[in-house]
Protein chains: 4
Amino acid sequence: MAPRSKDKRKKIIQAATKVFARHGFYHSKVSEIAKEAEVADGTIYLYFKNKDDLLISIFEESMDQILNLIRGEIETEPDPLAKLRRLVHLHMSMMERNPRLAEVIQVELRQSSKFMKEYQNVKFLAYLQVIAEVIEEGQREGLIHKEVSPAVFKRMLFGALDELALQWVLSKRRYSLADVAEQVTDIFLHGIEVAPSTRIVSLPGVAVPQA
Amino acid sequence: MAPRSKDKRKKIIQAATKVFARHGFYHSKVSEIAKEAEVADGTIYLYFKNKDDLLISIFEESMDQILNLIRGEIETEPDPLAKLRRLVHLHMSMMERNPRLAEVIQVELRQSSKFMKEYQNVKFLAYLQVIAEVIEEGQREGLIHKEVSPAVFKRMLFGALDELALQWVLSKRRYSLADVAEQVTDIFLHGIEVAPSTRIVSLPGVAVPQA
Amino acid sequence: MAPRSKDKRKKIIQAATKVFARHGFYHSKVSEIAKEAEVADGTIYLYFKNKDDLLISIFEESMDQILNLIRGEIETEPDPLAKLRRLVHLHMSMMERNPRLAEVIQVELRQSSKFMKEYQNVKFLAYLQVIAEVIEEGQREGLIHKEVSPAVFKRMLFGALDELALQWVLSKRRYSLADVAEQVTDIFLHGIEVAPSTRIVSLPGVAVPQA
Amino acid sequence: MAPRSKDKRKKIIQAATKVFARHGFYHSKVSEIAKEAEVADGTIYLYFKNKDDLLISIFEESMDQILNLIRGEIETEPDPLAKLRRLVHLHMSMMERNPRLAEVIQVELRQSSKFMKEYQNVKFLAYLQVIAEVIEEGQREGLIHKEVSPAVFKRMLFGALDELALQWVLSKRRYSLADVAEQVTDIFLHGIEVAPSTRIVSLPGVAVPQA
DNA sequence: GATGAATGAGCATTCATTCAT
DNA sequence: TATGAATGAATGCTCATTCAT
């Protein structure tokens, strides 16, 4: 029952990621995944319960890796604000380095969230929790406003990153996601509003110095 | 097109929204939509090219409505910041009032953006453009930082709203989205960081006044 | 939902009977049945729930016909013994006239009795019941021994007829089943034992008159 | 073949009998048989050509045993009629002692007779032949009517026994087959008809002595 | 001999779409 | 316009069998 090799499982996961990214989950054929992985159709079923399980496994294992990487990396940052900046940067650069995985996660996660309603996406929730914890830490240290709800913020941030990564994927990755990451952090940390005290009213016909 | 026909088309759109929300696009059967709309299976093909076209039409028409509503409503607001606040609020309350439509847009939009890569989702882009224009207006008026890229911001904001609405849909709508809208605006407008000048270091054992 | 024609259903039943007789239930392909019936594969599923249902329907409808025929025919017979003789004859001649149906019933009934354990084969039981009732009638009229259990006898008779019909089917129907029917009735009615009183002991070397 | 191998073959046969009885031939998996026999899947193919061969072997070997047993046992009986009675009794008690084997023979034999049309079921034919020989012997001795065709009778008897045993198996073996055996012999030996000379007409209102 | 991971042919069933009425 | 019976292409999954170890 225990399949012979770890390699084969990995090859199937990689092939499935590739194929799902190419055609989308529903339009992907198990036989194409098998061909891509250079195994027989039936072999896939030695490692995965069914096609759905394959998709779920891609998520779980990717999320697990991302989670571990991020947890390790942000630990070394000096304060919660720096951690947040680092987290955003890591998220985007991981997507940038694994565009096919990005595509699957971006495009299929929503779809799957439907058929995985019962399935508790533990890994994904853990990922969001990392964000929430950084916020809470920042609040305890007086660096982040107490009014900010960690539960709302974690989803806002993820949603923003997710949408930007999707756009990047769909645009055929023609620009740098890392640059985008900077802007995201700036906006979330400072907001977009010019503070009223420093505001300079722009009057028509009058040249104004730019901030 | 006779008025009678307009009704039928509308009934089909509504039935499809209901059914797509219930089962997701791929698991929805045309025959079930027909039954729900109280028309024959074949009748659907008199109004829509195929199943995909049905999904696209739901988007287009909903987006159109949302777009028109938002454009009209924000026009009356005094300044770009108020417009932004109003836009966020409208987005969320529309979702709140049309949960089934919300579900289709939230859950199926991503999926569809994949299989409809060629199809340019004009209405959706127009919606994003409204956001960008408000930002540009704010920047011209000196109310919004010049460094903020409207192109990036519009997707960040949409992504954040989208994710929060999805969460709300999946949570079976147990809380108020309108309340969430407030928090979103606050964070985007003010950021989450406590300004260094006003920062109060929290020292153990020393009671500190809260901001 | 209600399919257009009675004819189509009948054609499918006949095609299935043919194909099941040719290859056996498990080796028959739905697509071959469809081809034989000159309908599309999917059409079969408008009339039958699935492949099993097709087999069950063949049984039910055949049994129903046989049952009705037999009930009508034996009614006209003067006494229970004549009814029994007629019943056996009818059973065999029906098989003889519908060899393919015979093959399905003979060969697949047993197999199916396995997967139809839950399914109560009402028609078959009704058929057996007809036999039992004739026996009971004969016992009331003093024509049949009281010790004979109708419940046992009905299965004995059916088993005997069934086995003989099977053999006839498998032998490529090279002899007359009607003739066999006569022998069956004789044996069941008179037994095989020569009554002791009329017994003539056969002595070696002594010619004995044959009965 | 080493003694060790004989054991393994036997274990496989027994496991297969068990599994076939449980699920029927077509729904039984070779892997389940292997598990039941505590051998590897591949091992089965060292002893049997394929799954069909496994079924055939069960028949052949069981029939062989039954045949030898019956031949030995009936030899000691004084006359053909006693031999017949004994044969029926032995058949039923063997089934009663090996219900799983009974199930396979009863339920799967028919099915198999189909897909094994080429395969001549020599052992089964030999079994039937034993019956025929007893009849012929009885006819030579003047104990059995000359008109009875041994070829027809052997199948009638087998069919009756088979059907009764099947019914017993399907009824979850809730009654004694040995008792049934008695009735079968009585009916076949004496018939069911009350001899006209001894017939007592049952008149309403008149008490009649029961035979 | 024994193993069990790997193979891949095989097939029932679904459902979007058509078209005769 | 409207119908809905008929179509038939499309595919996930099973499991008997093989063969390298």
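Every chain is numbered from 1, with letters handed out A, B, ... down the list of sequences.
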Anything under 3.5 Å between a donor and an acceptor, one on a side chain of residues 35-46 of chain C, the other on a protein residue two or more places apart or in another chain? List them.
residue, atom, partner, partner atom, Å
C:Glu36, OE1, C:Arg22, NH2, 3.0
C:Glu36, OE2, C:Lys18, NZ, 3.1
C:Thr43, OG1, C:Ala40, O, 3.4

Set of residues satisfying side-chain hydrogen bond (donor to acceptor under 3.5 Å, both in side chains) with respect to D:Glu61, sequence neighbours excluded: D:Arg9
Distance check needed: [N] [atom2] versus [X] [atom1], whole Å only.
| X | N | atom1 | atom2 | answer |
| --- | --- | --- | --- | --- |
| A:Tyr47 | E:dA5 | OH | P | 8 Å |
| D:Asp7 | E:dG1 | CG | P | 13 Å |
| C:Lys8 | F:dA6 | NZ | C1' | 6 Å |
| B:Glu38 | F:dG4 | CD | P | 12 Å |
| A:Ile44 | F:dT11 | CD1 | P | 15 Å |
| B:Arg9 | F:dT1 | CZ | P | 13 Å |
| D:Ile12 | E:dT3 | CD1 | P | 9 Å |
| A:Asp53 | F:dG12 | CG | P | 15 Å |

Stem list, DNA chain F (Watson-Crick or G-U pairing under 3.5 Å, at least 3 consecutive pairs):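 Consecutive-pair runs (3 or more) involving DNA chain F: E:2-21 with F:2-21.
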Ring pair (Phe, Tyr, Trp, His ring centres under 6.0 Å) against D:Tyr127, all qualifying residues, sequence neighbours excluded: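 Listed in chain order: D:His91.
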A:Lys51 side-chain N/O to A:Ser28 backbone N/O, donor-acceptor pair under 3.5 Å: yes
Nearest heavy atoms of A:Ile58 and A:Ala16, plus distance in Å: CD1-CB, 3.9 Å
Sugar-phosphate or base contact per nucleotide [nucleotides 12-17 of chain E; S, B, -; heavy atom under 4.0 Å]: SBBSSB
Set of residues satisfying salt bridge (charged side-chain N to carboxylate O under 4.0 Å, His left out) with respect to C:Asp64, sequence neighbours excluded: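 Only C:Lys123 meet the salt bridge (charged side-chain N to carboxylate O under 4.0 Å, His left out) criterion with C:Asp64.
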A:Tyr26 and B:His27 aromatic ring geometry - parallel, tilted or perpendicular at 30°/60° bounds: perpendicular
Separation of A:Ile12 CD1 from A:Thr17 OG1 (nearest 0.5 Å): 11.5 Å
Partners passing side chain to side chain contact (heavy atoms under 4.5 Å, CB included) against C:Asn98 (at least two apart in sequence or in another chain):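 In terms of side chain to side chain contact (heavy atoms under 4.5 Å, CB included), with neighbours along the sequence ignored, C:Asn98 is linked to C:Met94, C:Leu101.
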